[in-house]
There are 2 protein chains.
Amino acid sequence: MVETTTGTRTENCAGLPLYERRPEGQDKYTISEVATLTGLTAHTLRWYERIGLMPHIDRSHTGQRRYRNRDLDWLDLVGKLRLTGMPVADMVRYAELVREGDHTYAERFDLLKSTREDVLARIAELQDTLSVLDRKINFYADAGQALASERAS
Amino acid sequence: MVETTTGTRTENCAGLPLYERRPEGQDKYTISEVATLTGLTAHTLRWYERIGLMPHIDRSHTGQRRYRNRDLDWLDLVGKLRLTGMPVADMVRYAELVREGDHTYAERFDLLKSTREDVLARIAELQDTLSVLDRKINFYADAGQALASERAS
DNA sequence: CGCTTGCTTGGAGCGCACTCCAGGGTTTTA
DNA sequence: TAAAACCCTGGAGTGCGCTCCAAGCAAGCG
């Protein structure tokens with residue numbers, strides 16, 4: 001199978017991925033299963049690992065990756081942070097803090113709080129943009145009305 | 001002056017740019033003035049023009065750009081759209097529609113409306129992310145509490 | 001007049017986040 | 001057991017949005 005994001009993906013009526021997580025204990029996924037579950041490509045998953053964005057990923061006896069539920073949880077978080085526009089390098093930094101252990105709690109806390117502020121700021125920006133957009137949309141709606149009544153007269 | 005965004009920029013106490021727009025009729029700005037007003041670099045302004053993102057910009061008798069208030073308005077809109085994550089190519093498309101004249105009103109309207117939908121979706125995503133972030137922040141706050149009381153005992 | 005500063009152009013370069021390739025080994029299916 | 005599908009690695013390539021460079025013209029100042 002050619003590696004792709006847009007390949008055959010089983011979906012339910014709501015368009016949500018149907019592939020389900022396996023219960024704790026039997027949670028072993030190949031890279032392409034994780035690609036299906038996360039929407040990332042296998043390429044990207046390997047690349048995330050290379051740059052240090054992932055925790056240690058288990059391997060099968062022949063060296064193939066076997067992801068577990070906690071890895072999916074991590075990828076969910078990464079996906080969310082990516083949506084906020086956080087640079088990958090910053091996420092790598094956070095991943096490093098997690099790997100370094102409990103004594104980095106304070107730093108992680110600070111990082112999360114400042115990310116939170118960034119997200120709030122971005123939401124505010126977007127709402128500002130939304131109002132500009134609405135003004136313009138109203139303008140065009142009015143202009144459309146004017147043109148229509150012109151044609152009608 | 002070396003071209004930069006972070007150079008000397010006059011600011012008021014609120015950190016807002018103090019450079020003011022000139023009244024209609026005397027509204028002529030050099031490229032570096034526009035850079036100051038918009039926060040873009042002169043490089044970027046010229047690049048925007050090259051790729052077709054700008055309307056026609058007036059020139060002085062020696063060929064230097066002389067921006068006008070309407071150009072600043074346009075750059076404000078571009079800045080807002082950029083914040084939504086809209087690709088520059090799409091903004092160029094919008095600019096083309098504006099240049100093509102009144103008969104593109106309908107298409108511009110549609111473009112604005114679908115952009116509006118995108119912005120709403122992004123806001124929803126960010127709010128979702130925010131709640132994940134808040135859960136994690138609470139977790140770390142609790143963990144911090146636990147560590148503190150451990151040290152106290 | 002020379003000096004500094006700013007503006008002009010086409011084209012090259014950069015950083016980010018992937019995205020893909022070559023060449024090989026493994027696993028599943030018919 | 002053989003073909004098809006999948007997985008591995010290091011490294012090269014891509015697209016976007018700038019960002020900068022070289023070489024030259026122009027305006028203001030002492």
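In what follows, chains carry the letters A, B, and so on, assigned in the order in which the sequence lines appear, proteins first and then strands, with residues in each chain numbered from 1. Computed from heavy atoms alone, side chains included, the values below leave out hydrogens, waters and symmetry copies.
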Practice prompt. Identify whether W74(B) and L83(B) are in the same connected component of the hydrophobic contact network (ILVMFWY, side-chain heavy atoms under 4.5 Å).
Written response: no
Answer with base, sugar-phosphate or nothing: what part of the nucleic acid does [X] contact at a heavy-atom distance below 4.0 Å?
X      : value
R66(B) : nothing
R50(A) : base
T30(B) : sugar-phosphate

Of the candidate nucleotides [options], which contains the atom at the shortest distance from the side chain of [X]?
X      : options                  : value
Q64(B) : dT8(C), dT19(C), dC20(D) : dT8(C)
H43(A) : dT19(D), dC7(C), dC21(C) : dC21(C)
I31(B) : dT27(C), dT9(D), dC7(C)  : dC7(C)
T62(B) : dA27(D), dC7(D), dC18(D) : dA27(D)
R46(A) : dT27(C), dC7(D), dT19(C) : dC7(D)

Length of the line joining [X]:[atom1] and [N]:[atom2], which is rounded to integer Å:
X      : N       : atom1 : atom2 : result
R65(B) : dA27(D) : CZ    : C1'   : 17 Å
D90(B) : dC16(D) : CG    : P     : 11 Å
Y48(A) : dC16(C) : OH    : C1'   : 12 Å
L40(B) : dG17(D) : CG    : P     : 14 Å
L45(B) : dC20(D) : CG    : P     : 14 Å
R59(A) : dC7(D)  : CZ    : P     : 12 Å
L83(B) : dG17(D) : CG    : P     : 14 Å
E49(A) : dC8(D)  : CD    : P     : 8 Å

Interatomic spacing from [atom1] in [X] to [atom2] in [Y] - rounded to 0.5 Å:
X       : Y       : atom1 : atom2 : result
E107(A) : E96(A)  : CD    : CD    : 10.0 Å
R116(B) : L111(B) : CZ    : CG    : 14.5 Å
W47(A)  : L40(A)  : CH2   : CG    : 10.5 Å

Worksheet item: Can we say E24(B) and R68(B) salt-bridge, meaning some charged N sits less than 4.0 Å from an Asp/Glu carboxylate O?
Response: no
Item to complete: Examine dC7(C): is either OP1 or OP2 under 4.0 Å from a nitrogen or oxygen in the side chain of S32(B)? Give yes or no.
Response: yes
Practice prompt. Please state whether the phosphate of dC16(C), meaning OP1 or OP2, lies under 4.0 angstrom from any side-chain nitrogen or oxygen of R82(A).
Written response: no
Response to the item:
Assign each of G85(B) and H61(B) the nucleotide of DNA chain D bearing its closest heavy atom; nearer the 5' end lies the nucleotide of G85(B)
